[in-house]
Trainee: 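To start, I am sharing the structure in question, which I have written as structure tokens.
Residues take their numbers from the sequence shown, with the count starting at 1.
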Amino acid sequence: MNGILVTLQWGKLVRGHNSLLAAVLLLSTMALSSLAQINQNPHGELKLDCQLCHSTNQWSKLRADLKFDHTKTDFPLEGRHSAVTCRACHRSLEFSQTNATCTACHQDVHANQFGAACDRCHNPVGWTDEIRFRQKHQESRFPLVGAHATLDCDRCHSQGRYTDLTLDCFGCHFETYSATLNPDHRGAGFSLDCGQCHSLAISSWAGNLGAFQHTADFPLVGGHNISGCSVCHTPGTTYSQTSTDCYSCHRTDYETVTDPNHLSGNFGTNCAICHTIMGWAPAEFDHNLTDFPLTGAHQSLSCNDCHAQGYSITSPACASCHQADFESAAEPIHTAPSFSAICTECHNTAAWSPSSFDHTTQTNYPLIGSHLTATCAACHPNGVYAGTSTLCYSCHQQDFISVQDPNHVAQNYPTECEMCHNTVGWDQVTFDHNQTAFPLTGAHVSLNCLDCHSQGYSGTPTACNACHLDDFTQATNPIHNPESFTDICTECHTTAAWSPSTFNHNTQTSYPLTGSHVTATCASCHPNGIYAGTSTLCYTCHQQDYTSVQEPNHVAQNYPTQCEMCHSTTTWDEVTFDHNQTAFPLTGAHVSLNCLDCHNQGYSGTPTACNACHQDDFSQATNPIHNPESFTNICTECHTTAAWSPSIFNHNTQTSYPLTGSHLIATCASCHPNGVYAGTSTLCYSCHQQDYENVLDPNHVVQNYPTECGICHNTTSWDQVTFDHNQTAFPLTGAHVSLNCLDCHNQ
């Protein structure tokens, strides 16, 4: 700091023009470099502002209002750390070398078992924190509960070991496990997982069976709720090998019972079917819980009626008891190859007869009408049921052949009897043509059947031309040429009458008829009866009108052949043209022009580019000169159709250099000489180099001023000079404020 003061005394106290301050930007870095050589920073590479601790008044003494805040570092001072001196931790002035780990100051008595994270159990307020330690233990793999919560640490952590200890109970309690004889844990092969029977929440090991629950697949309830494990668990055998099967304990009960005798009756050994754990007697058996629930007549039977040969091999199939019923049935005969042995398809347990067979739901042929009272044999002779035809003709062929009024065979009637007959009575005949594939409508309703079915009824065609071919070939307005007209008569005609036609040119073609076209005859547009491929272009029919008109002469003036641009279908002479419907709408001065002003070469192919008409305006422009190298031929960028001048060019929005101050009134040529606009520099110095070199107070060249004129000057006036050193990278504070510019910028 003393070196700086001497340098300031040697400097000339020059008070130059205010603009001299601009040189500060160039010389500030050189001045700081010189100062750094005089006073080297003792803190090393410290990325902190010196003014947090030092002032510009005196370097060696710290400022009274010390602004350094240790809480904003990676090591905020808390608890006892806040009372220690800086030197206690920072033994070197190079603060970055200070080790922030706890072990740098505090000896690790745990031999690095917990790593360097001392704050897991300790804190800066007090080194020993019993509450914090206990809390951390609760968050570990082994929370302390029950008797463990009151133990001294050394009971489990002997020899200073805290990590990698086993969590299994037998690690500490193996001797207790081995010494326990009631029951004998080792002899019975008990698991070493003590938690299966003992609870950590209880303070005593002995008698602590709060956690033991007998296995879920064999709960001790009812008669099994007995004291003394040895009743079921034979001494000397492991508990896990004890069978849960009733028979393993109750075999004697099974073999000694006589009412009923389980052995002679071949009873199963699954005792739970009849007995419960509440007591061996009385026994209860629910047949409904078996695979064969008892319903209907089965409920009143004696057990031996079905189980004469025992209980374990009794068949649930109906035929095992009802085979005689099956073989003796006569209406219908069951022994024919059509019937299955699954009796439940037709019978139920209430009684063998009557049958519950439902022809409507159990076959694909519901019985209705007279079929309901027919015997089975009437349709199923010889007891054959499978494969019986459902066609009426298969049973009623004789009725079909014998009928004479009308004679079905002679008139080739179809054999689908249901078209006219029903199941109520053969003589009740009804026929609804509308239920066929050809409903009768219009004139067809009053026709005689033979008018269409002269060749019989089977295979009668439904196509119109089968009956109306003569109408098609004899039509004259229009002529029905097969090459243009289809044989689908319904496209134009209805069944009401052959004429008039219902053809609608507007909806059935892609060319709606309007104006005079509505009254035109078909032949006027479709000569020779050719309809397919007829052109929809006006010129196709009106070529003669186009070539014969003289005012104006369409051919000579090269008018387009799109007649609809000027003409309508109402009448040829009503001419209207709207230029705004073209690709070049007329606006501004174009509206009042004569057509030939733009279309002097004809109407087809007239260019729409501005320069096609305005090339002379482009070439003759002088302010600015429209140099083709700088200006584009897209005139609309600067001009409108209202008038060629004034231009609408906006320097602020159409360039990257907005005009402000004195630039607003400058002529284009003053910045763009020779009409060159592309690539013009936006740097002030490129236009104001002469102003920079001519100024003498201060002399910008001699004093090496920067060429960034905007630092001190603005676009309003060159002489309005302002400079704010605080907007630079070196704001002036303290004694620097009163220095002369040349004191620091003497180079």
Side-chain angles (χ1 to χ4, degrees), residues 442 464 468 471-588 590-608:
C464 300
H468 295 283
D471 296 304
F472 180 90
T473 56
Q474 295 170 10
T476 58
N477 185 28
I479 298 171
H480 285 37
N481 190 324
E483 296 179 3
S484 299
F485 280 78
T486 71
D487 58 357
I488 304 174
C489 306
T490 54
E491 291 185 355
C492 303
H493 304 276
T494 68
T495 60
W498 178 258
S499 68
S501 167
T502 60
F503 177 75
N504 189 325
H505 208 288
N506 294 346
T507 60
Q508 291 179 255
T509 73
S510 60
Y511 191 83
L513 300 182
T514 60
S516 299
H517 290 166
V518 174
T519 58
T521 63
C522 302
S524 62
C525 296
H526 303 286
N528 304 319
I530 305 297
Y531 291 81
T534 301
S535 172
T536 59
L537 298 176
C538 303
Y539 186 76
T540 306
C541 287
H542 295 281
Q543 182 178 358
Q544 185 62 35
D545 297 304
Y546 176 92
T547 56
S548 62
V549 70
Q550 297 298 321
E551 181 62 38
N553 190 312
H554 289 30
V555 177
Q557 296 183 17
N558 195 25
Y559 269 47
T561 58
Q562 289 81 36
C563 308
E564 65 273 11
M565 294 177 64
C566 302
H567 302 276
S568 69
T569 60
T570 303
T571 175
W572 181 261
D573 296 330
E574 290 185 4
V575 181
T576 58
F577 180 73
D578 186 357
H579 211 290
N580 292 333
Q581 301 302 317
T582 69
F584 192 86
L586 299 182
T587 60
H590 292 162
V591 175
S592 59
L593 292 177
N594 186 280
C595 300
L596 293 178
D597 290 339
C598 297
H599 298 289
N600 51 22
Q601 301 299 321
Y603 291 83
S604 179
T606 303
T608 59

Trainee: Would you find a donor on one side and an acceptor on the other, under 3.5 Å apart, between the side chain of N506 and the backbone of L513?
Mentor: yes
Trainee: Closest heavy-atom contact between L586 and N580?
Mentor: N-OD1, 3.0 Å
Trainee: Has the side chain of Q543 got a donor or acceptor atom that lies under 3.5 Å from a matching backbone atom of Y539?
Mentor: no
Trainee: Has the side chain of S516 got a donor or acceptor atom that lies under 3.5 Å from a matching backbone atom of T569?
Mentor: yes
Trainee: Indicate the ring-plane relationship of H468 and W498, choosing parallel, tilted or perpendicular according to the 30° and 60° boundaries.
Mentor: parallel
Trainee: Assess the side chains of T514 and H517: does a donor N or O sit below 3.5 Å from an acceptor N or O?
Mentor: no
Trainee: If you define the side chain from C-beta out and look only at heavy atoms, does anything of N553 sit under 4.5 Å from V555?
Mentor: yes
Trainee: Rounded to the nearest 0.5 Å, how far apart are CZ of F584 and OG1 of T606?
Mentor: 10.0 Å
Trainee: Can you sort out the partners of H480 under ring pair (Phe, Tyr, Trp, His ring centres under 6.0 Å), two or more places apart, ordered by chain and number?
Mentor: F472, F485
Trainee: Evaluate the side-chain proximity of P560 to M565: yes if any heavy-atom separation is below 4.5 Å, no if none is.
Mentor: yes
Trainee: State, yes or no, whether a side-chain contact exists between T490 and C464 at a heavy-atom distance under 4.5 Å.
Mentor: yes
Trainee: Over 60° means perpendicular and under 30° means parallel, so classify the ring planes of Y559 and H554, tilted if in between.
Mentor: parallel
Trainee: Work out which heavy atom in E491 is nearest to a heavy atom in Q508; give both atom names and the distance.
Mentor: O-NE2, 2.7 Å
Trainee: Nearest 0.5 Å, what's the CD-OG1 distance between Q581 and T576?
Mentor: 10.0 Å
Trainee: Atom CD in E564, atom NE2 in H542: separation rounded to 0.5 Å?
Mentor: 10.5 Å
Trainee: Would you say the side-chain atoms of H493 pair up with the backbone N or O of S499, donor to acceptor, closer than 3.5 Å?
Mentor: no
